[in-house]
Amino acid sequence: MILTCIPKSCNNILLVGTGNSQLPKIIYNHQNNKDYYVKYDNNYYDNETQIVDENKNIICFDYSSSCIEMLKSKYNKKDFPLMEFICGDATELVQCLQTNDCIDKIIKNSRNDALSV
């Protein structure tokens, strides 16, 4: 349900209050369409062997360092190279973000898991 609200053109999606959710993986796979794109030599290719923009970042943001550490081990860099993890206070969000790019979509996660079941 929430995936219909996220255009494929979004390059940077911020998930605030990620917790231990499955939502980062769901959105990551939707945006990077792992069934369609093929990774080879750290580049993504579509079925016509054209390189695909790699900047489909999912930024997981949470106040809990234990949740962020758990997500880092669950969604490792090898399988999810475009997923970032930031521990911080949402009231200081701008200072915590490590990207120079703009954020295309912000999703507050606290109720989304319950609604998507």
Using a 4.5 Å cut-off on heavy atoms from C-beta on, say whether the side chain of [Y] contacts that of [X].
X	Y	result
Cys60	Met83	yes
Phe61	Leu15	no
Cys96	Asp89	no
Ile59	Ile86	yes
Pro81	Tyr28	yes
Leu14	Val16	yes
Ile103	Ile13	no

To the nearest 0.5 Å, what is the distance between [atom1] on [X] and [atom2] on [Y]?
X	Y	atom1	atom2	answer
Glu84	Leu97	CD	CG	9.0 Å
Lys74	Ser21	NZ	OG	7.5 Å
Gln22	Asn29	CD	CG	10.5 Å
Ile58	Leu82	CD1	CG	8.5 Å
Glu92	Gln95	CD	CD	6.0 Å

Self-check item: Over 12 foreign heavy atoms within 6.0 Å of OH, Tyr63
Solution: no
Practice problem: Of all the heavy-atom pairs spanning Asp62 and Gly17, show the shortest one and how long it is. | Solution: OD2-C, 3.3 Å
Exercise. Please list, chain by chain and in numerical order, all residues satisfying salt bridge (charged side-chain N to carboxylate O under 4.0 Å, His left out) with Lys105, sequence neighbours excluded.
Key: none
Exercise. Mind checking side chain to side chain donor-acceptor pair (under 3.5 Å) for Ser66 and listing every partner two or more places apart, or none if nothing turns up?
Key: Ser64
Exercise. Describe, in one word, how the ring planes of Tyr75 and Phe85 are oriented to each other, choosing from parallel (under 30°), tilted (30 to 60°) and perpendicular (over 60°).
Key: parallel
Quiz item: Side-chain donor-acceptor pair under 3.5 Å between Asn57 and Asn12, yes or no?
Solution: yes
